[in-house]
Amino acid sequence: MASGSKKKNNHFVPRSYLRRFRSGSDREVSLFNIKSGKTITSAPIRSQCSRDYFYTKNPLFEDEFAKIEVIQKLLLDEILSSEIPPNLGRVVEVSCPVE
């Protein structure tokens with residue numbers, strides 16, 4: 001999606017994080033609905049942990065969150081592949097490939 005375009009569905013848990021709990025496909029997760037007491041085995045990630053305009057209607061904020069989420073995903077990928085938490089010095093040095 002181009003920078004500055006509408007970004008109505010704001011995720012408060014990044015989709016890249018939710019995908020780590022996928023069930024079946026990269027686009028679905030299993031979930032337990034506390035209110036109804038039901039387990040759903042295939043719920044679309046796009047509609048989980050999100051609300052319309054959760055942060056703001058200004059798309060620039062969502063663009064900036066997307067940059068942070070890329071860094072978060074890279075760090076988590078590194079932690080999981082090495083099974084060792086990165087030291088704080090390396091965290092500061094990680095740059096975002098998204099411009």
Side-chain angles (χ1 to χ4, degrees):
M1 191 175 285
S3 180
S5 60
K6 286 228 180 229
K7 293 178 174 69
K8 181 178 176 182
N9 187 30
N10 299 161
H11 284 81
F12 46 88
V13 175
R15 287 181 292 176
S16 64
Y17 187 77
L18 291 172
R19 283 188 187 101
R20 296 180 189 284
F21 301 93
R22 65 184 172 260
S23 63
S25 82
D26 283 348
R27 296 176 185 224
E28 297 175 333
V29 291
S30 293
L31 62 88
F32 178 75
N33 185 303
I34 295 170
K35 199 172 197 177
S36 70
K38 293 183 180 178
T39 298
I40 301 168
T41 56
S42 296
I45 289 175
R46 73 174 178 269
S47 59
Q48 305 311 312
C49 302
S50 68
R51 296 286 181 268
D52 289 350
Y53 304 114
F54 182 75
Y55 299 109
T56 179
K57 289 188 177 184
N58 184 339
L60 297 176
F61 283 94
E62 192 63 20
D63 291 342
E64 293 304 310
F65 284 130
K67 292 176 186 177
I68 293 167
E69 289 169 7
V70 168
I71 294 169
Q72 173 265 330
K73 180 189 179 305
L74 292 172
L75 289 171
L76 196 51
D77 288 345
E78 182 179 333
I79 291 167
L80 292 173
S81 67
S82 68
E83 298 181 359
I84 301 170
N87 75 32
L88 188 55
R90 286 198 66 218
V91 172
V92 175
E93 294 171 13
V94 172
S95 63
C96 181
V98 177
E99 295 295 325

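Every heavy atom of this structure was used, including side-chain atoms; hydrogens, water molecules and symmetry mates were not. Everything numeric in this text was worked out from a predicted model, so none of it was measured. In this chain, residues are counted from 1 in sequence order.
- Note that the OG atom of Ser25 and the CD1 atom of Ile45 stand 7.0 Å from one another [nearest 0.5 Å].
- Cluster annotation: Val13 is not connected to Leu31 through the hydrophobic network of ILVMFWY side chains, with a link wherever side-chain heavy atoms come within less than 4.5 Å.
- Linking ILVMFWY side-chain heavy atoms closer than 4.5 Å, directly or via other members, places Phe12 and Phe65 in a single hydrophobic cluster.
- The residue from Ile71, Val70, Asp77 that alone fulfils the side chain to side chain contact (heavy atoms under 4.5 Å, CB included) condition with Lys73 is Asp77.
- Using a 4.0 Å cut-off between charged nitrogen and carboxylate oxygen, Asp26 and Arg19 do not count as a salt-bridge pair.
- Taking all atoms of both residues into account, the shortest heavy-atom contact from Asn10 to Phe54 is OD1-N, 3.0 Å.
- The CD atom of Glu69 lies 12.5 Å from the CG atom of Leu76; values are rounded to the nearest 0.5 Å.
- Transitive grouping of hydrophobic side chains (ILVMFWY, heavy atoms separated by less than 4.5 Å) brings Tyr17 and Val29 into a common cluster.
- Counting heavy atoms of neighbouring residues, nucleotides and ligands inside a 6.0 Å radius, atom CZ of Arg46 does not exceed 12 of them.
- Heavy atoms from other residues, nucleotides or ligands lying under 6.0 Å from CG of Leu80 number more than 12.
- Proximity of a side-chain donor or acceptor of Ser50 to a complementary backbone N or O of His11 within less than 3.5 Å is not detected.
- Note on Ile40: it does not cluster hydrophobically with Leu18, by side-chain heavy-atom contacts below 4.5 Å among ILVMFWY residues.
- In this structure, the side chain of Ser42 does not engage the main chain of Glu28 through any donor-acceptor pair within 3.5 Å.
- The pair Lys67-Asp63 fails the salt-bridge criterion, with no side-chain N (NZ, NE, NH1 or NH2) lying under 4.0 Å from an Asp/Glu carboxylate O.
- Using a 4.5 Å cut-off on side-chain heavy atoms (C-beta onward), Gln72 and Pro14 make contact.
- Separating the CG atom in Asn9 from the CZ atom in Arg15 is a distance of 7.5 Å, to the nearest 0.5 Å.
- Residue Lys7 holds its NZ atom at 8.0 Å from CG of Leu60, rounded to the nearest 0.5 Å.
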The test is ring pair (Phe, Tyr, Trp, His ring centres under 6.0 Å); show your working for Phe61 and Tyr55 and say whether it passes. CA-CA 8 Å; Phe61 283 94; Tyr55 299 109; 8.8 Å; no

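- At least one side-chain heavy atom of Lys8 sits under 4.5 Å from a side-chain heavy atom of Tyr53.
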